[in-house]
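Down below is the structure, laid out as structure tokens.
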Amino acid sequence: QLVLVESGGGLVQPGGSLRLSCVGTGFALHFYAIGWFRQAPGKEREGISCISNSGSTNYADSVKGRFTISRDNAKNTVYLQMNSLKPEDTAVYYCAAGSSCPDYVLYGRNYWGQGTQVTVSS
């Protein structure tokens, strides 16, 4: 069974940092482009970052300069380092595996994780 599992969410104060992890089981992530998405209450899910299977990265303007996506193929894991967090970053964060990263939104989304909650509040 092909599964993605996110972890690392939690409650953090504005200006703080979190690192999210996306672990693949049942398949090798390095064959896939991986995207991070988020969905805030009452809003649609939006793509925020994408990393190709060759390691090229893209970011939405809303997170550029604050978030960093990376991959560790030996651990079959993709990370999202989130710094300088703002209250508007509060959302459920999802990773997905797909075909490519034409921009910061993953194309050809085949597999999704269950999401991890990030809450930025004082």
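- Annotation: side-chain contact (heavy atoms from CB on, under 4.5 Å) contacts of Thr57 (sequence neighbours excluded): Ile51, Tyr59, Ile69.
- In the displayed structure, Tyr79 atom OH is contacted under 6.0 Å by more than 12 heavy atoms of other residues, nucleotides or ligands.
- Residues Tyr32 and Tyr93 share a single hydrophobic cluster, defined by chaining ILVMFWY side chains whose heavy atoms lie under 4.5 Å apart.
- The nearest pair of heavy atoms linking Ala96 to Phe37 is CB-CE1, 4.0 Å.
- Tyr94 and Met82 are assigned to two separate hydrophobic clusters, defined by single-linkage of ILVMFWY side chains at heavy-atom distances under 4.5 Å.
- Tyr107 is linked by a ring pair (Phe, Tyr, Trp, His ring centres under 6.0 Å) to nothing, counting only residues two or more places apart in sequence or in another chain.
- Clustering ILVMFWY residues whenever any of their side-chain heavy atoms sit less than 4.5 angstrom apart, transitively, puts Tyr104 in a cluster other than the one holding Val63.
- Across all their heavy atoms, Asn76 and Phe27 have their closest contact at ND2-O, 2.9 Å.
- Between Arg71 and Ile34, the shortest heavy-atom distance links the atoms NH2-CG1, 3.9 Å.
- The two atoms that bring Asn58 and Ser49 nearest to each other are O-OG, 3.0 Å, heavy atoms only.
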Under 3.5 Å, side-chain donor or acceptor atoms of residues 111-122 against the rest of the protein: list the pairs with distances, not counting sequence neighbours.
{"residue": "Gln114", "atom": "NE2", "partner": "Glu6", "partner atom": "O", "Å": "3.2"}
{"residue": "Thr116", "atom": "OG1", "partner": "Gly9", "partner atom": "N", "Å": "3.2"}
{"residue": "Gln117", "atom": "NE2", "partner": "Ala91", "partner atom": "O", "Å": "3.4"}
{"residue": "Gln117", "atom": "NE2", "partner": "Thr119", "partner atom": "OG1", "Å": "3.3"}

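- Taking the side-chain hydrogen bond (donor to acceptor under 3.5 Å, both in side chains) definition, one finds that Ser17 meets it with Asn83, sequence neighbours left out.
- Not counting sequence neighbours, the partners of Lys64 by the side-chain hydrogen bond (donor to acceptor under 3.5 Å, both in side chains) test are Asp61.
- In the hydrophobic clustering of ILVMFWY residues, with side-chain heavy atoms under 4.5 Å counting as a link, Leu20 and Ile48 come out together.
- Counting only residues at least two apart or in different chains, disulfide (SG to SG under 2.5 Å) contacts with residues 46-88 comprise Cys50-Cys101.
- How far OG1 of Thr77 is from CG of Leu4: 10.5 Å, rounded to the nearest 0.5 Å.
- Criterion: ILVMFWY side-chain heavy atoms under 4.5 Å apart, direct or through other members. Under it, Leu106 and Phe31 are not part of a common hydrophobic cluster.
- In this structure the side chain of Gln81 never reaches within 4.5 angstrom of the side chain of Phe67, judged on heavy atoms.
- Between the OG atom of Ser99 and the CG atom of Asn110 there is a distance of 5.5 Å, given to the nearest 0.5 Å.
- Residue pairs that meet the salt bridge (charged side-chain N to carboxylate O under 4.0 Å, His left out) test with at least one member in residues 22-51, sequence neighbours left out, are Arg38-Glu46, Arg38-Asp89.
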Show the numbers, then the answer: is there a side-chain contact (heavy atoms from CB on, under 4.5 Å) between Leu29 and Val78? CA-CA 8 Å; Leu29 285 188; Val78 171; 4.3 Å; yes
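- Residue pairs meeting the disulfide (SG to SG under 2.5 Å) criterion with at least one member in residues 12-41, sequence neighbours excluded, are Cys22-Cys95.
- Connectivity analysis of hydrophobic side chains (ILVMFWY, heavy atoms under 4.5 Å, direct or indirect) links Val5 to Val3.
- Contacts of Asp103 classified as side-chain contact (heavy atoms from CB on, under 4.5 Å), with partners at least two apart in sequence or in another chain: Val105.
- Looking at residues two or more places apart in sequence or on another chain, you find a side-chain contact (heavy atoms from CB on, under 4.5 Å) between Ser84 and Arg66.
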